[in-house]
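Structure first, commentary second.
Along the sequence shown, the residues carry numbers beginning at 1.
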Amino acid sequence: MTSKMTSKDFTTGLSALRGVRDDIKAVRKELQRLEADRDKQIVALGAYEKAKADRIAPAAGLAVVDVVALVPHLGPRQQTAPMPVTAQPEPTGDRQAAAAAPPPGPAGTLAPDLRRPEEPPAADSAAAPVHGADEGPQETRTEPATDAVPPVVDEEARHHDQEPQPTPDPTTAPATEHARELPSIPAGERGDAWCVPTSNLASTRPNFTQQPRQMAFLDTTTGVLVHRDQTVRLDLGTASVSEILTAVYATVPESVERIYITAGDPWHRDADRYPFLRDAVAAWLNAPVPGWSVESSRGKDRLAGHLVHPRNPVGRWQRGDQHTEIRSVGEWFDPAGAEPAVVRDAFVLLWKQLRHHWPDVTLMGSPSQTGRDLWSRTIPAKAGSRWAEGYPVMSEEIRGLLHATAGQGRTELIVPPRVPTMLPRLVEFDRTFAYAKHTWASGVGAPRRITAAAFAAMSEKEQTNALFAPSHWQIRVTVPGGWNHVGILPAPAAGDRAWYYPAESGQTFTTWAGGAEINLALRNPITPWRIEILDGLLWESGTPLRDWSTKLKDAWASLQALAANHGDQRQRTAAHLASRAVRSILLYGIGAFAQRPRITTRSVPVGHEHEIPAGAQIIGSDGETITWQRSAGFSRDPYAHPEWAAGVWSGARAALLSTKMREDDTFVGALHLPPDSVVAFRTDAIYTTHDAAWPYRGQPGDYLKKGHLPGPFTGPRTEEELLSLQTLGRAHLAEEQEAGQ
């Protein structure tokens with residue numbers, strides 16, 4: 001027990017903490033200087049005609065992809081970070097004339113004006129409302145369907161979680177001349193055949209109940225292990241896999257099949273010895289474990305082998321008929337220092353809340369597996385019900401098209417002269433449980449192809465209805481003359497699945513986008529963008545996700561209320577963690593619908609590069625071996641529905657720019673902020689210099705003010721700088737809120 005802290009002690013402690021904060025800022029500034037110097041040296045070395053990225057990367061302590069980003073000609077192909085730096089070019093001439101000129105390329109059909117006659121474009125975007133993607137035509141109103149790319153995994157683990165893609169530090173602004181070309185649907189009967197769903201493959205309600213697996217919770221820093229009501233302290237030695245399994249199974253029965261690591265990250269114990277964190281994780285997982293072997297596939301559970309993930313790896317072993325997994329609880333939520341017993345209580349509360357809606361609920365190893373299993377149990381089962389025979393799975397060609405053309409969360413850093421060099425403040429607004437807001441309606445059944453000619457043949461009402469329905473369109477876009485705000489529609493940047501958001505007045509580009517974002521571009525509060533329809537996919541509007549998401553939202557709300565009102569602090573913490581787990585179930589469950597191609601990852605010794613197959617991508621080297629990966633195509637997954645994930649992501653990106661809070665009759669989002677005030681986007685968050693007084697009711701989709709850092713200070717130029725300011729801003733806001741209590 002510690003002695004009771006006095007008010008004076010607390011005030012003194014705050015002062016000391018601020019000193020540490022300032023020291024951290026100074027150290028970070030020095031680190032940024034060193035990193036800038038490192039990057040200059042890499043660029044200089046890259047000028048050597050025999051330079052190779054896999055030689056420079058280990059010396060720099062970077063991944064090969066990071067070196068290639070700095071020196072593009074060293075890579076087999078251009079790559080870029082998914083968080084592009086966007087600078088505003090200087091105006092050059094009459095942009096209005098440029099916008100009015102017919103854009104180059106194949107003929108498209110101009111999209112109709114979706115604005116209502118009584119709602120002309122507004123001149124002041126900070127004050128004007130926009131009727132965005134959440135409103136449709138009067139006769140066919142549907143709430144729009146609207147965060148995750150999987151980690152690079154071994155082929156044996158290809159069914160693991162789909163999760164939001166990482167956001168490494170950008171180095172250059174995306175340039176349209178280096179942008180990748182997106183695929184198109186072939187003309188004629190060949191393209192029409194893409195719209196035929198995969199034969200004999202549909203999502204049907206399961207006729208079995210998942211078998212629960214016993215869990216244990218282990219803090220490898222303290223050695224505290226919790227299993228059911230038992231708490232013991234173990235001697236884990238160096239916390240190798242062998243030492244963990246030996247110590248745990250000397251205490252708990254063999255029926256325990258999952259060991260969740262709540263703290264300690266033992267897979268990072270030798271990180272300093274390896275150039276890449278992934279290599280350290282792989283070495284920890286693959287170390288010899290006497291008496292155990294790596295698990296092979298068993299029964300209907302095709303998950304086998306290890307998942308090598310830098311933050312949340314999964315190790316699977318077997319010993320005779322005994323099977324076990326070591327997993328990170330970080331897959332479900334950040335425990336934030338919670339003791340193993342509190343983490344156990346969080347899983348218990350999670351199960352109890354879900355059981356109100358799914359009597360046969362079983363918590364599986366990951367939130368994505370759990371989410372998909374729970375969703376499958378909401379598929380109509382009554383004979384004669386619509387979709388009782390299952391939701392058809394799109395053709396492999398359509399799944400591949402959506403994989404290549406439907407991005408996830410918007411991640412963008414905006415730099416001068418688009419924003420001031422010195423920022424007066426930085427405010428972080430983050431959407432609460434955002435994806436849950438965009439599962440109201442989704443596309444079901446076989447898609448209908450809408451070519452430019454077919455769109456032109458429609459009446460204006462039919463065109464409008466098509467743009468409000470679940471859909472995915474290939475379009476040619478022209479930014480209107482005089483545009484001075486952030487970009488609205490994503491354009492392909494160099495690098496796999498990388499996107500940026502053109503905002504230069506008069507700029508024209510070709511891309512794919514969901515109906516929600518196209519609606520917003522046509523009905524935004526400033527002035528409509530020019531959209532030409534080149535091709536598209538139109539689905540029947542259905543509600544395959546509504547029952548599932550409604551139940552999850554109810555469970556989340558109940559846990560949120562428990563976290564706010566429970567009389568015991570430990571139970572409040574457990575309820576909060578459980579609510580975060582519900583969020584992960586929905587977030588990663590949606591990501592799991594976005595089936596990704598299977599990835600094969602292998603290594604060859606240096607000097608054996610000729611053994612690397614054609615089409616493979618080199619992803620790392622430690623000087624002795626070269627690691628490569630190659631896509632192995634799509635599996636026959638009965639629960640693959642990338643059209644649903646794409647719709648959720650499109651709606652969420654649109655709402656990041658403009659959405660209506662109906663209870664307050666007000667509009668919020670980036671387009672309702674002053675044009676030069678938006679500094680960055682990170683999936684569901686906006687970073688701005690404008691301290692907007694947006695209402696917050698704690699409902700899914702509401703913007704929560706999470707950080708406030710007063711200035712002036714130099715604006716961020718890298719993601720690391722943005723994250724540093726984010727940390728400081730959250731700490732400062734917490735101080736402000738505490739002082740105001």
Side-chain angles (χ1 to χ4, degrees), residues 133-146 194-206 357-358 371-395 398-399 401-402 406 435-450 462 464-473 513-519 536-554 586 589-595 637-652 654-655 700-701:
D134 61 342
E135 294 187 10
Q138 295 282 346
E139 298 179 16
T140 60
R141 188 195 183 289
T142 59
E143 193 162 329
T146 42
W194 284 23
C195 294
V196 178
T198 303
S199 61
N200 301 317
L201 191 64
S203 304
T204 56
R205 193 182 185 111
H357 304 286
W358 287 277
R372 192 160 73 168
D373 181 68
L374 294 178
W375 171 78
S376 70
R377 298 175 192 280
T378 65
I379 298 174
K382 184 178 180 180
S385 298
R386 188 76 191 277
W387 309 114
E389 296 181 357
Y391 293 102
V393 173
M394 299 299 100
S395 68
I398 291 296
R399 282 180 277 158
L401 178 75
L402 290 167
Y435 285 2
K437 186 72 172 178
H438 304 286
T439 53
W440 185 260
S442 304
V444 290
R448 173 187 170 195
R449 185 182 183 186
I450 307 293
E462 290 173 328
T464 300
N465 289 343
L467 291 175
F468 276 103
S471 52
H472 192 61
W473 302 92
E517 291 166 284
I518 293 175
N519 265 276
L537 297 168
L538 178 64
W539 283 270
E540 175 187 343
S541 182
T543 59
L545 303 179
R546 186 187 298 180
D547 186 29
W548 174 70
S549 66
T550 297
K551 291 177 177 179
L552 290 176
K553 285 186 283 188
D554 287 346
L586 186 136
I590 289 171
F593 289 124
Q595 183 200 33
D637 183 352
Y639 297 114
H641 290 285
E643 68 277 15
W644 298 348
V648 172
W649 295 336
S650 177

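In this structure, CG on Leu537 lies 8.0 Å from CZ on Arg449, to the nearest 0.5 angstrom. With rounding to the nearest 0.5 Å, the separation of CG in Leu586 from NZ in Lys551 is 14.0 Å.
Taking the side chain as every heavy atom from C-beta outward, Leu374 and Thr378 never approach each other to under 4.5 Å. Between Thr204 and Pro638 there is no side-chain heavy-atom pair separated by less than 4.5 Å. Counting only heavy atoms from C-beta outward, the side chains of His472 and Ile398 never approach each other to under 4.5 Å. Side-chain contact between Phe468 and Asn519 is present, with at least one heavy-atom pair separated by less than 4.5 Å.
Taking both residues in full, the closest heavy atoms of Ile590 and Trp649 are given as CG2-NE1, 4.2 Å, listed atom of the first, atom of the second, then distance. Listed here is the closest heavy atom pair of Pro700 and Ala436: CB-CB, 4.2 Å. Nearest heavy-atom pair across Leu545 and Ser442 is CD1-OG, 3.8 Å. The minimum heavy-atom distance between Ser541 and Ala441, with the atom names listed, is OG-CB, 3.7 Å. Here the closest non-hydrogen pair linking Pro392 and His641 is O-CE1, 3.2 Å. Of all non-hydrogen atoms in Ala446 and Cys195, the two that sit nearest each other are CB-O, 3.7 Å.
Remark: the backbone N or O of Thr198 is not paired with any side-chain donor or acceptor of Ser395 at under 3.5 angstrom. Put simply, the side chain of Trp548 gets close to the backbone of Gly371: a donor and an acceptor are under 3.5 Å apart. In this structure, the side chain of Arg399 engages the main chain of Met394 through a donor-acceptor pair within 3.5 Å. A donor-acceptor contact shorter than 3.5 Å links the side chain of Trp375 to the backbone of Pro544. A donor-acceptor contact shorter than 3.5 Å links the side chain of Arg205 to the backbone of Arg377.
For Glu462, the CD atom sits in a packed shell: over 12 heavy atoms of surrounding residues, nucleotides or ligands are nearer than 6.0 Å.
Of the options Phe593, Tyr639, Trp644, Trp539, a ring-ring contact (aromatic ring centres under 6.0 Å, His included) to Tyr391 is made by Trp644 and by none of the others.
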